[in-house]
Every structure is written in structure tokens, then in C-alpha cells.
Amino acid sequence: MAGPILAIVVPCYNEKDVLPATAQQLLEAVKRLAKSSVISHESKIVFIDDGSKDNTWELIENLCKKNPKIFSGIKLSKNRGHQNALLCGLLSVREFADASISMDADLQDDISVIDEMLNLYGSGCDIVYGVRSKRDKDSLFKRITAHLFYRFINFLGADIIYNHADFRLMSKNALNALAEYKEVNLFLRGIVPMLGYRTGIAYYERKERMAGESKYPVGKMLRFAFEGITSLSTKPIRMVTILGVIIFIISLAMIVYSVVRYFMGATETGWPSMICSIWSIGGLILLSIGIVGEYIGKIYLETKQRPRFIVEKKLGG
Ligand code: UDP
Ligand code: MG
């Protein structure tokens, strides 16, 4: 029995240094898996060129010419960022693939884990997360900032998998469900856990980048984190409301305190009333902004038009 049609989706941005090695290793993996009938012979490796400025696209073209049965390429008109490039790839492959595996072009994700992912897929998982068991090859700075980011975003109520990046298997069902999320500010790591379905985890050790440089310098990383937080959570607005309430309560306490001091005969003329009104008005303004913000948050979520439910199976008529 032939295995499922697999599509390996690889976004590439200025990856000329590493792409030949990546293509070679992926090709070997796909051939090996197809030979042992774990996957179908119609499986493909899809590169998405995210508007590279180097000759990445020419490399992809050459690969497709040499091996059109296995390689295919998509070129975006300009650099749209990792998440959009990845989404483009995932949405395109769902037409022919039974399952997709997304991974970075730099071979930091361990290709041999694909076997394990397919195993879990075979046992009924629609989504398999690749999770880094160790990331000591990443810089200390990257590890600390990543840890803080996961903690913070979980605190804000978004459900994202710790130490999982975008190395994951998704079945056709999961991809079709993902396509229902039409939002423009897309943060895949936060959306995928919302899909539900049976999920599995495949652990791997994150390696060093094979060649080339990270395409995520600090500025881009912070923007990515900010994007993730604001597209998944409206809790920061709630925090403004809470701050407003706290400040207003403090101002009430101060009014009581000033009145008590007044009856004890120890008053500085003008000062207490001044401070109390500044604090109470400040608190009330923050509270009002928070309340208005709550509505804006609701509008924000409504405009995303996320699906309200996703059907996994149906029985009967
Ligand atoms: N990437 C992309 N568009 C971008 C930036 C990055 O498609 O604007 C791709 C890049 O080619 C790589 C993946 O996203 O395949 C992850 O990037 P990178 O390895 O530089 O990030 P890091 O591992 O350093 O976080
Ligand atoms: Mg990388």
C-alpha cells in the first residue's frame, strides 16, 4: 500500500549558501521514504522564495528543472516575511498533498525527525509539533528572549507550544481548517493550537545553522514577538483597565487619608485636594480608555472572522 502524499514546505529568504545542501538532504530523505513506501512517490519538496535579493530563485529553478517530479517552487513578488511565505506554501500544497511538513531552509531542524512525524501521522495525529528538546546551539541571548516570550505570551492567554517553532506536520484536514483563518496579521504558532484535532509531539535537538546568516536580527525578532502578542491577545487592553481601577482606588484611599489628616488639624492648604484630584481623574481616564478598548478589542476579534467551530468527522446522513 502506498503511503500518503507528503509535501515538504520550505520558505527561503536569501538562502543561496544553504539551499543546495538542504535540497540534497531533503531529496535523499524523500527518496528513502518513498522507496520504503512510507510516503507516496508523488511526494514533493516545495520551496517558497520570499522575495530573495540573492540568486535563491535561480537555484530553485535549477532544482525544478533537474528534478521536476520532486521539486517545485513558488516565488513571492516581494519579501512578505517568514509566516506569510510559509502560509502561501501550506495553502498551495493542500490541493495535492495528504500531509505537509514545514521546515526552515537552514537545516536547523532535524530532517531525520520526519520519520517520527510520519509515524505519529500514521497513528492518527493531524498535527505533529516538532519540539526542541535542547537548544544549546542557539545563542544565550536567543534562548533567554525566547523563554521570556513563551512565558509572557502564555500569561496573556495564548496557547502556544513551548520550544516549538514552525517545524510541524499538518494533515490535509488541518490545512483546510487553517485556511479558514483569514486574518492578515498571522502568527501560525498561535493559530495552529486553536485548530484542535489530535496532536502529537516529536522531539529533536536543534542544530546550528548550516550556512548563511540568521534572517531574524533582534529588531525583526522583537517585531515578530509584538506581532504574535497583539494578534493573539487583547489582554493588554484589560491591563489598562485594571491599572485604571488600581489608580482610582489609590486616589480614594488618599482622599480618606487627607480628610483624616484635616480633622487632626495637620493640613497643607491646597496640596491634598490637588494630588487627590490628579490621581482620581488619572485613574478614571485610564479606566475609560480601558473600557473603550474592551470594545475595540471585541471589534478587532470580530473583524478577524475566525471560524467558530471546525468539524473533524461526521457520521450518518
Ligand atoms: N525567512 C523567510 N522570510 C523572511 C525571513 C526568513 O522566508 O523574511 C525564512 C528563512 O529563509 C528560513 C526561515 O524563514 O528558512 C527561518 O529563518 P532563520 O533561520 O533566519 O531564523 P532563525 O532560525 O535564526 O530564527
Ligand atoms: Mg534558522
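The basis for the numbers below is simple: all heavy atoms, side chains too, and nothing from hydrogens, waters or symmetry mates.
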Task: Exercise: identify the closest heavy-atom pair between Leu19 and Cys12 - done: CD1-SG, 3.8 Å
TODO: Indicate, with yes or no, if Tyr150 and Leu148 share a hydrophobic cluster defined by side-chain heavy-atom contacts under 4.5 Å among Ile, Leu, Val, Met, Phe, Trp and Tyr.
DONE: no
Task: Exam field: side chain Lys235 to backbone Phe155, donor-acceptor pair closer than 3.5 Å - done: yes
Open item on the list: Angle between ring planes, His164 versus Tyr129, binned at 30° and 60°: parallel, tilted or perpendicular?
Closed with: perpendicular
Open item on the list: Check Arg189 with Asp166, please: is the shortest side-chain N to carboxylate O separation under 4.0 Å?
Closed with: yes
Task: Donor-acceptor contact below 3.5 Å, side chain Tyr300 vs main chain Thr230 - done: yes
Open item on the list: I'd like to know if the side chain of Ser233 and the backbone of Ile229 have a donor-acceptor N/O pair within less than 3.5 Å.
Closed with: no
Open item on the list: Tell me if a side-chain donor or acceptor on Arg198 pairs with a main-chain N or O of Ser123 at a distance below 3.5 Å.
Closed with: yes
Open item on the list: Using only atom types and a distance under 3.5 Å, with no angle test, would you say the side chain of Thr199 pairs donor to acceptor with the backbone of Ile127?
Closed with: no
Open item on the list: Using only atom types and a distance under 3.5 Å, with no angle test, would you say the side chain of Glu15 pairs donor to acceptor with the backbone of Asp106?
Closed with: no
Open item on the list: Please determine whether residues Tyr162 and Phe187 belong to a single hydrophobic cluster, defined as Ile, Leu, Val, Met, Phe, Trp and Tyr linked transitively by side-chain heavy-atom distances below 4.5 Å.
Closed with: yes
Task: Donor-acceptor under 3.5 Å (Lys182 side chain, Pro307 main chain) - done: no
Open item on the list: Between Asn14 and Ser52 (side chain of the first, backbone of the second, donor and acceptor by atom type, cut-off under 3.5 Å), is there such a pair?
Closed with: no
Open item on the list: With rounding to the nearest 0.5 angstrom, report the CG to CD1 distance, Leu284 to Ile247.
Closed with: 10.5 Å
Open item on the list: Check Glu294 with Arg238, please: is the shortest side-chain N to carboxylate O separation under 4.0 Å?
Closed with: yes
Open item on the list: Are the side chains of His82 and Tyr13 in contact, using a 4.5 Å heavy-atom criterion?
Closed with: no
Task: N/O donor-acceptor pair under 3.5 Å between Ser133 side chain and Tyr203 backbone - done: no
Task: Ser112 side chain to Asp110 side chain, donor-acceptor N/O pair below 3.5 angstrom - done: yes
TODO: Look at the side chain of Ser40 and the backbone N and O of Ile5, then say whether any donor-acceptor pair between them is shorter than 3.5 Å.
DONE: no
TODO: Drop me the distance from Ser100's OG to Leu169's CG, to the nearest 0.5 angstrom.
DONE: 6.0 Å
- [ ] Kindly indicate whether the side chain of Ile8, heavy atoms from C-beta on, has any atom under 4.5 Å from the side chain of Ile114.
- [x] yes
Open item on the list: Can you give me the closest heavy-atom contact between Ser102 and Leu90, atom names plus distance?
Closed with: CB-CD2, 4.4 Å
Task: Atom of Tyr204, atom of Asp109 and distance for their closest heavy-atom approach - done: OH-OD1, 3.1 Å
Task: pair Thr56-Phe47: side-chain heavy atoms closer than 4.5 Å - done: no
Task: Pairs where residues 84-105 contributes a residue and the test salt bridge (charged side-chain N to carboxylate O under 4.0 Å, His left out) is met, not counting sequence neighbours - done: none
